[in-house]
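Report on the structure given below.
All chains are named by letter (A, B, ...) in the order of the sequence lines, taking the proteins before the strands, and each is independently numbered beginning at 1.
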Amino acid sequence: MNLDTLNPEQRKAVEHTQGPVLILAGAGSGKTKVLTSRIAYLMEDKGVHPSNILAITFTNKAANEMRERVEKNIDSDTKDMWISTFHSCCVRILRKDINKIGYNRSFVIYDAADQVTLVKDCLKELNLSDKVFEPKVVISIISGAKDKLQSPKEFKQRNAGDNRLTKVADIYTLYQDRLKRNSALDFDDLILKTVELFRTNPDVLDYYRGRFKYIMVDEYQDTSKAQYELVKALAKGHQNICVVGDDDQSIYGWRGADIRNILEFERDYDDVFVIKLEQNYRSTQVILDAANTVIANNIERKRKKLWSDKKDGESIKIELAESEVYEADFIADTIWRLHKRDGRPFNDFAILYRANAQARPVEDAFNRAQIPYNIYGGTKFYERKEIKDLVAYLRVIQNPQDDISIKRIINVPKRSIGLRTIEKIEDRANLKQESIYSVLLDIDTNSDISTKAKGNINDFIDIVGTLRTIKEAYPVSKLVEKVLDLTGYMDELVEIRDKNKEDAITKSEEAQDRIDNLMEFISIAVEFENSTDENIEEKNLETFLTTVALTSDTSEEEQEDRVSLMTIHTSKGLEFPVVFLTGMEEGLFPISRAIKSMSDSDLEEERRLCYVGITRAKQELFMSLTRRRTLYGKTNVSIASRFIEELPDECIEKMYSKKQELPYSKANYNLLDKYTKKYMGSMSKTDMANKVNATVKDSKKETDIDDIKLGSKVYHKKFGPGTVVSVMGSDLTIAFEQQGIKKINKEYTTLDLI
DNA sequence: TGTGAAATAATTTTT
DNA sequence: TTATTTCACA
């Protein structure tokens, strides 16, 4: 293995193969290179057998890339080496032995939508309102508990004092029960159950311990407690565990990632060898200076300072636009300018934002300016209705115990099996502690269901039965075609398409769209059959469903020359010659919830996100903000993001008129803080609006205030003196000296000009 | 069972 | 603004 292309630090990280190693790899410091070289080094120089190596990543993309790069480095094949995501690694382990903890080995995997359906069912059964216990919220609480390895029982004990959480614990209990009965696991279970399996079956753990003599974990800052325990269990004994991560790039705390895992690695393992990779091969020094300065404001971090030998570089440009429309135009203009002047191709550029909603005005501007773009995020392929329907059929074929999927498709396409009938069946299933499928099988013995409904159900059962019998004989792609054919799903869509060709063109197009998606799904199945994925032993329906469940992106590498639009979160791990960081405004970035919570850790996560955004840029970085922004139909006056204020002066260049000042100041923060604390506190947005309105209404009096303009100094009976900072229709936004910023409807307001 | 008006809520999302 | 969900009614 040739290690000459590595810098001294990287080289140390590769050569230190024994015992725990912590690699703190800053953005763009070549961590993938280190990781792949290390694997190659282990095999070639240390004679480690590929099967003794386990490399874990978070995304399929990272796993695939890693395997590819390892294979490029060495001659021997990597078939026996596990390079996979946490989740697929766990599935593999569970498929072998999950029966030892009472689950069916051919379990299916539930996604977020299935979770919602299941929780709704649980709520119904427990007679709880889904208004009080919002399924999404309940799921995130359950998910949080699972990330921390808390069983329903434990969760209940821990929250014994809290009525609401005690109820949630009941939901959690039932939810787990139902998952098991359906032979289903959710994403969190994949990790949790693997840990459980290891804890209760030492022989299984011993097997994997013996097998994985060298363990590597990528993006360690994103691991949850459960993942941490999993890795720890496997590494116990030999302790050859090498984790790579960057605490400054931990941006998934809200998803259960526990930054302490990386911060406290040295405490959790003995004699940890720590390496910092601080040389950055991606960005100019100016960009790194900016990133370093911003992130230095965080307290909770390991000290690290990126440097580059690409000295200097273009300064960071800051643009202050009137509104989000102008902001988008600025971006479009700048891209054209650099495209023409410097000959930059469109795929040199990325537009990054905090929230997906910000993409719209940019899209509009790009369409006007004829700039080709790709937008990332939004509705995922596998989340589309027709795909979910089809997958539900496949799941039922694979695992008829899957009630959630059965219920989804029993009347799709329409078979005149009504809600009432389904309810009756469900009751019976609950009563007999059986799956819905088994109730359906002997539906004829059920007395309170009409003969007609019975006939319809038997038709359905026949279709599923037929599909189940041909399951083994057919390759998945053919099976998929058969599903679409036998169920009449495809026919229905074709009919809708052709029937509405004349008048309801949208409907026709929509149907065609769905047909296209289904065809796409078939080609995904074909691809699956032809692929040479080392992680898949057998190409059957079960492994196909697993692959589908554990994959979210279907998009192939976009070869075309287009500008990329995405959230900062999705940009992690990517790099672009020119980056636009948009919406650099208080309340948007950092997002208001992070400010509102006033919790340092939330704010620090926002700052890390900013750090991630900045470090995506290789050569040029633009940051933009607006004076007023319309988001979700509401216009607000913007205050510059504190992250802009944190940038070092010598790195930045203001694009807007020198006379203008950025709308920020410490005083403004204080106003905003007061405002958010006092009026937003624990209240929802609606509550807050009501509160302000009510207060204003109290002082209702006829006054002509047409003279009020932007900048008017006014006096309000309750709120005291203030300045009008925006006028939109009859909505006034006023910055009160004492009370902070408020939105007031002038129809109901008493104001004096001063 | 389907339609359309009305109400409502709207970070981020690797699997 | 907009997408989604709910609810009333045919």
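Checked against dT13(B), dT14(B), dT11(B), the side chain of R354(A) finds its nearest nucleotide in dT11(B). Out of dT11(B), dT15(B), dT14(B), the shortest distance to the side chain of I591(A) is found at dT11(B). Comparing atom distances between the F58(A) side chain and each of dT14(B), dT15(B), dT12(B) picks out dT14(B) as nearest. Picking from dT15(B), dT1(B), dT13(B) the nucleotide with the shortest atom distance to the side chain of L550(A) gives dT15(B). Residue D222(A) has its side chain nearest to dT14(B) when only dT11(B), dT14(B), dT13(B) are considered. You'll find that the side chain of K414(A) is closest to dT1(B), out of dT1(B), dT15(B), dT13(B).
Atom-to-atom, CZ of F589(A) to P of dT11(B) comes out at 16 Å; the value is rounded to the nearest Å. Rounded to a whole Å, the CD atom of Q227(A) is 15 Å from the P atom of dT14(B). N60(A) places its CG atom 17 Å from the P atom of dT13(B), with the value rounded to the nearest Å. Distance CD1 (I56(A)) to C1' (dT14(B)): 14 Å, rounded to an integer number of Å. If you take CD of Q358(A) and P of dT2(C), they are 16 Å apart, rounded to a whole angstrom. For Q221(A) and dT14(B), the CD to P distance is 16 Å, given to the nearest whole Å. Whole-Å rounding puts the Y382(A) OH to dT14(B) P distance at 14 Å. Between R616(A) atom CZ and dT12(B) atom P there is a gap of 19 Å when expressed in whole angstrom units.
No donor-acceptor distance shorter than 3.5 angstrom exists from the side chain of T36(A) to the backbone of V70(A), with no hydrogens or angles considered.
Listed pair R360(A) / dA3(C) meets the phosphate criterion, a side-chain N or O lying under 4.0 Å from OP1 or OP2. Residue N356(A) places at least one side-chain N or O closer than 4.0 Å to OP1 or OP2 of dT13(B). For Y632(A) and dT11(B), the shortest distance from a side-chain N or O to OP1 or OP2 is below 4.0 Å. Dashed line: the shortest gap from a side-chain N or O of T570(A) to OP1 or OP2 of dT12(B) is not under 4.0 Å. Put simply, T551(A) has no side-chain N or O that comes within less than 4.0 Å of OP1 or OP2 on dT15(B).
Where L609(A) and G418(A) each meet DNA chain B at their nearest nucleotide, the meeting point lying more 5' is that of G418(A). Residues S416(A) and K572(A) both approach DNA chain B. Their nearest nucleotides, taken by heavy-atom distance, put S416(A) toward the 5′ side.
Scored by the ring-ring contact (aromatic ring centres under 6.0 Å, His included) test, Y353(A) finds no partners at all (sequence neighbours excluded).
In this structure, K380(A) reaches the sugar-phosphate backbone alone: every heavy-atom distance under 4.0 Å involves primed, P, OP1 or OP2 atoms, never a base. Using a 4.0 Å heavy-atom criterion, one finds that T57(A) contacts no nucleic acid atom at all. Among the heavy atoms of the strands, none lies under 4.0 Å from D188(A). Counting non-hydrogen atoms under 4.0 angstrom, E605(A) reaches nothing in the nucleic acid. As judged by a 4.0 angstrom heavy-atom cut-off over every strand, Y252(A) is placed among the base-contacting residues.
Within 6.0 Å of OH in Y326(A) there are 12 or fewer heavy atoms belonging to other residues, nucleotides or ligands.
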Query raised in the report: How does DNA chain B read in dot-bracket, base by base from 5' to 3', with Watson-Crick or G-U pairs under 3.5 Å and | used when the partner is on another strand?
Result: ||||||||||.....
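Of the charged side-chain nitrogens involved, at least one lies within less than 4.0 Å of a carboxylate oxygen, so that D389(A) and K385(A) count as a salt-bridged pair. Ion pairing between E219(A) and K31(A) holds under the 4.0 Å rule for side-chain N and carboxylate O.
Under a cutoff of 6.0 Å and an axis angle of 45°, R514(A) and Y489(A) do not form a cation-pi pair.
If you take atom C1' in dT14(B) and the same atom in dA3(C), they sit 25 Å apart, rounded to whole Å. Rounded to whole Å, the C1' atom of dT11(B) lies 25 Å from the corresponding atom of dT6(C).
For the salt bridge (charged side-chain N to carboxylate O under 4.0 Å, His left out) criterion with D222(A), the lone passing option out of K572(A), R608(A), R255(A) is K572(A).
Residues F544(A) and F521(A) place their aromatic rings such that the two centres sit under 6.0 Å apart.
Regarding the sugar-base torsion, dT11(B) falls in the syn class, its angle being within 90° of 0.
Below 30°, between 30° and 60°, or above 60°: for Y252(A) and H569(A) the angle between ring planes is between 30° and 60°, a tilted geometry.
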